[in-house]
Amino acid sequence: MAKSKQEQLDKIREKILKDNVSPELASTATQLVFGDGNPDADVVFVGEAPGKNEDLKGLPFVGAAGKFLDEMLAHIGLSRKDIYITNIVKYRPPENRDPLPEEKAEFLPYLQAQLEVIAPKLVVTLGRHSMDSLLPGLQISKCHGQPKRYQGQVYMPLFHPAAALYSGGMRATLLDDFAKIPRVLATI
Ligand code: URA
């Protein structure tokens, strides 16, 4: 019998561990933060890397940035059970430093495999790290909130919700960009 999407995702998770991806990050992290949500979702959100709370819980976006993300989802009538969420890098970088280019490159094939299984209508990148990995060569300040079709997949680059925690202007921009998601989905 054909494997369910969840079973296929579980296999990708196992493969990351078996392939010993990013052993240095793995050695300082508590655990792998693979992804969470609905494997049949129309929208997948891709963040940067787990932070402290995510590392402890094993789930993406469960800290302050995640709370703001939940608020923005509620604004457009969605909740976590409607979407799937993951990160480009799946272990917490020490002291929450930016992920290194080689760390992003190592994890990219596994992210692509996740996206192939879920086959969402829309992939929303959160922040420049996941955008750089999936949509090379763009500048987030110029392209945020605009859907882009690339290699057969529709993407929408957004600023990272953590950037909005300390900036009212950024918060308004993100809320505006988020509000476009239902319209974009309806046109795909
Ligand atoms: N920031 C991210 O990019 N990802 C998380 O999972 C949490 C915070």
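Each ligand, and each atom within it, is numbered from 1 in the order the structure gives.
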TODO: Report yes or no: does a heavy atom of H160 sit under 4.0 Å from some atom of ligand 1?
DONE: yes

Task: N-O pairing of D177 and K180 below 4.0 Å - done: yes

- [ ] Decide whether I16 and L9 are clustered together by the hydrophobic rule: side chain heavy atoms of Ile, Leu, Val, Met, Phe, Trp, Tyr closer than 4.5 Å, transitively.
- [x] yes

Task: Contact (N/O only, under 3.5 Å) between F61 and ligand 1 - done: yes

Open item on the list: Quick one about S22 and E106 (side-chain donor to acceptor, distance below 3.5 Å, no hydrogens or angles considered), yes or no?
Closed with: yes

Open item on the list: For a side chain to side chain contact (heavy atoms under 4.5 Å, CB included) check, start with the C-alpha distance between I85 and R80, then their side-chain angles and the critical distance, and finish with the verdict.
Closed with: CA-CA 8 Å; I85 188 156; R80 290 283 183 115; 4.1 Å; yes

Task: Any N or O of E54 closer than 3.5 Å to N or O of ligand 1 - done: no

Task: Residue G47 vicinity, atoms of ligand 1 by number, heavy atom under 4.0 Å - done: 3 (O)

Task: Atoms in ligand 1 with a heavy atom of P60 nearer than 4.0 Å - done: 6 (O)

Open item on the list: Check this for me, if you would: do K3 and D10 make a salt bridge, where the nitrogen-to-carboxylate-oxygen distance has to be below 4.0 angstrom?
Closed with: no

Open item on the list: Quick test: of every protein heavy atom, which one is nearest to atom 4 (N) of ligand 1, and how far off is it to 0.1 Å?
Closed with: N87 OD1, 2.8 Å

Open item on the list: To check your reading of the model: name the closest protein heavy atom to atom 5 (C) of ligand 1, its residue, and the distance in Å.
Closed with: A49 O, 3.4 Å

Task: Name of the residue among F159, F178, Y155 meeting ring pair (Phe, Tyr, Trp, His ring centres under 6.0 Å) with H144 - done: F159

